[in-house]
Amino acid sequence: MADRTDPPQAFGRAVEQEMGQLFEDLPLAEQERMVEAILFATAEPQTLRDLCARLPEGTDVGHALALLERRYQGRGVHLVQIGEAWAFRTAPDLGHLMSREAVDLRRLSRAAIETLAIVAYHQPVTRAEIEEIRGVSVSRGTLDLLMELDWIRLGRRRMTPGRPVTFVTTTGFLDHFGLESARDLPGVQELREAGLLDNRSAPGMPLSLEDDEDPDRPAQDPLFDPDDAV
Amino acid sequence: MADRTDPPQAFGRAVEQEMGQLFEDLPLAEQERMVEAILFATAEPQTLRDLCARLPEGTDVGHALALLERRYQGRGVHLVQIGEAWAFRTAPDLGHLMSREAVDLRRLSRAAIETLAIVAYHQPVTRAEIEEIRGVSVSRGTLDLLMELDWIRLGRRRMTPGRPVTFVTTTGFLDHFGLESARDLPGVQELREAGLLDNRSAPGMPLSLEDDEDPDRPAQDPLFDPDDAV
Amino acid sequence: MPEDFADGWEARRVADRQIAEALVVDVAGFEGPLDLLLTLARHQKLDLRRISILDLAEQYLAFVSAAQDLRIELAADYLVMAAWLAWLKSRLLLPPDPEADGPTGKELAAHLAFQLERLEAMRTAGAQLMGRNRLGRDVFARGMPEALVLRRTVRYNASLLDLLRAYARVRTHEEYRPLDVRRDPVLTMEAALTRLRSLIGGSVDWTLLEAFLPEGWRIDPKRRRSAVAATFAAMLELVRAGEAEIDQEAIFAPLMLRACRAGSGDRTAGGNAAYQSADG
């Protein structure tokens, strides 16, 4: 397009200007929608010069901006001038509608996502069972976080000695992960076939009892080191 | 958001409903500019539910969207429907003006493109069906990549022996390829009429890979206990 | 079989071979037998509905045999397809056996034609998809999404893929483990005690303290120091509980430990007791 300004173009421009007398300039409405699209899609407010550089020769950017500004008057979005540049902004009286936008996205810790995965696949599952599967202890905080996120909740108590509580996933969980039901989670075999599981080593290996990232790992793990037996 | 029905909320809602009768509902023009502001401010498509959650009670979102869609017809920015959601997008004919904003689209392998097309046109589709159509096994990382791009996701399990997982396309897919729904896929009608989307079973072909029955049934089996059905 | 048919057959064979040989060089470019068949079919006719499956089978077989002549190794599924096509060919050529059950040659051929047409349809569809106006290339979203900060909430994010990977990791236990173990170089006394308790039963003879150090705590000086200290404290604890006895010949001499045998009363066993050299 006409966004380069190297010397040969300057010559070209002169020619084009002459051509402009021969050919019709772009209709104003077309110029206006071009400016509209650019101001919508760019990440920074655009100066007149920025806009000119993007638009075809002969565009009357100032005029297009004036039309656009009038068009958006009283709308939910306004065309505003910020210093030398132009941008669309939410109408000041509607700012409150955007308040929900202010969210900090944080990645779930590895302990949390693994715990969640185990609950999802093995529900209803007790804390002891989660620990057995992960091979490391699960901190209360991890379960609390997952409950706070409304991804897991308490299920029925297990009818075994001690009547431990169980954990199950929630509708919020299905919602967040775009699942229709927990049954739709793929099995281990399917994970492997989808390439999600690196099968360099055979599955069904004994549980590894170490997780170096987990501070509250049970202290007895070295016990299971066969080399160590005296 | 509004999936909890604890008493305080229910109460609050009742109050709001009564207020709705006392105070006039918002004028439609005002509703329209609110929807406009929200959709303009976010890059992600917003579902009707998202919009409702942000707007005051009693807003006729559907009506506001219809007005807005008409208002932006022929403009540089369009209101488009993407599955269940809505978003503003620049008019396709003006894409060249935004060449600087263009992101490098990852070049997909032939296998990935074909797999995507098969998921799109045959959804919900199992891995075995994809393989049957392509005549080769799905290479590792293909489904993975498509999921990572947020173009496909897991659908419901097929209620056939082995209960294989299925794949379906996402809203992100519709958004990326500018489709309102999977019914708008290019040529889908013709293909259906030609019988090319039928799930025609093979009369003893060597290409049908029937390994949906996975041998090491995953540990989540109890989940799939029919008694468990919600 | 009519003679002219046989002649035509020969002529075609030559042409087929030429096509096949041209393709052989590029065998790696095919994504499986169906893809190869589709390519061969396209050479035959532009309209896939009008191809002759018999000719196609013949071309495929010629391709496979040419590849074998050239000692190009074909994947097993190409050979499976070849065997099946050879069988299909015989079924198509022989008069149908009214006794035989199962699909007729015609039905099988029709299904193969369907598969080819379907694969091509999907290929075309894929190309059409890729050629559409695409977000980020032809169509753009708002470049300056507004986030008016009024209320800041923390939202934890995890995708389904993260979840699946986490589960896969848990189930296969093959997470990437760095060589340098980033665990705190401190062995707790509780850990040492638990360990010692379970091992002490086996130590009827005097055993060096160092032999009780856990694997991974013996080399690195920092870790070793912590392990020795914890194990020593644990030893004292066991002695206090009457579960073990401890001995040291002289100051700074090696510390030795053995289980306390009920009724042995040999609490002050001399330093001369032969000790195992069980140093790790």
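Just so it is clear, the values below take in all heavy atoms, side chains as well, and ignore hydrogens, waters and symmetry mates. Below, chains carry the letters A, B, ... as their sequence lines are ordered, and counting in each starts from 1. This one's a predicted model, so the numbers in the text were calculated from it and none came from an experiment.
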Asker: Between E101(B), R75(B), H78(B), which has the largest tally of heavy atom pairs under 4.5 Å with chain A?
Answerer: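 Looking at each option in turn, the highest pair count goes to R75(B).
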Asker: According to ring-ring contact (aromatic ring centres under 6.0 Å, His included), does anything in residues 33-52 of chain A pair up with another residue at least two apart or in another chain? List the pairs.
Answerer: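 Qualifying pairs: F40(A)-F40(B).
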Asker: Given that the side chain runs from C-beta out, which part of I118(A) has a heavy atom under 4.5 Å from chain B: side chain, backbone, both or neither?
Answerer: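 For I118(A), neither part sits under 4.5 Å from chain B.
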Asker: Please step through side-chain contact (heavy atoms from CB on, under 4.5 Å) for the pair L55(B) and L97(A), ending with a clear verdict.
Answerer: CA-CA 7 Å; L55(B) 292 163; L97(A) 295 173; 4.3 Å; yes
Asker: Mind checking what makes side-chain hydrogen bond (donor to acceptor under 3.5 Å, both in side chains) contact with E84(B), not counting sequence neighbours?
Answerer: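 Expected list: none.
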Asker: Where do R100(B) and A53(A) come nearest, in terms of heavy atoms and distance?
Answerer: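 So the minimum-distance heavy-atom pair works out to NH2-CB, 4.0 Å.
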Asker: I'd like to know whether CZ of R163(A) has more than 12 heavy-atom contacts from other residues, nucleotides or ligands below 6.0 angstrom.
Answerer: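 Incorrect, the count does not exceed 12.
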Asker: Crowded around Q81(A) CD? As in, over 12 foreign heavy atoms under 6.0 Å?
Answerer: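 Correct, the count exceeds 12.
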Asker: Name, in order of residue number, those residues of residues 32-39 of chain A that have a heavy atom at a distance of less than 4.5 Å from a heavy atom in chain B; otherwise write 'none'.
Answerer: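 Those residues of residues 32-39 of chain A which have a heavy atom under 4.5 Å from chain B are E32(A), R33(A), M34(A), E36(A), A37(A), I38(A).
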Asker: For D144(A), give me all partners under salt bridge (Lys or Arg N to Asp or Glu O under 4.0 Å), at least two apart in sequence or on another chain.
Answerer: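 Applying salt bridge (Lys or Arg N to Asp or Glu O under 4.0 Å) to D144(A) gives R140(A).
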Asker: If you take all heavy atoms of L154(B) and D184(A), which pair is closest and at what distance?
Answerer: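 Minimum heavy-atom separation between L154(B) and D184(A): CD1-O, 3.9 Å.
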Asker: Which one, R71(B), E30(B), M98(B), leads in non-hydrogen pairs under 4.5 Å with chain A?
Answerer: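 Maximum pair count with chain A is reached by R71(B).
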Asker: So does E148(A) have more than 12 non-hydrogen atoms from other groups sitting under 6.0 Å from CD?
Answerer: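 Result for CD/E148(A): open.
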Asker: So which of G76(B), G95(B), G155(B) has the largest heavy-atom pair count under 4.5 angstrom toward chain A?
Answerer: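 The candidate making the most pairs under 4.5 Å is G76(B).
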Asker: Evaluate whether atom CZ of R110(B) has more than 12 neighbouring non-hydrogen atoms of other residues, nucleotides or ligands under 6.0 angstrom away.
Answerer: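 Yes.
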Asker: Between F88(A) and chain B, which part of the residue has a heavy atom less than 4.5 Å away: side chain, backbone, both or neither?
Answerer: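 The side chain, not the backbone.
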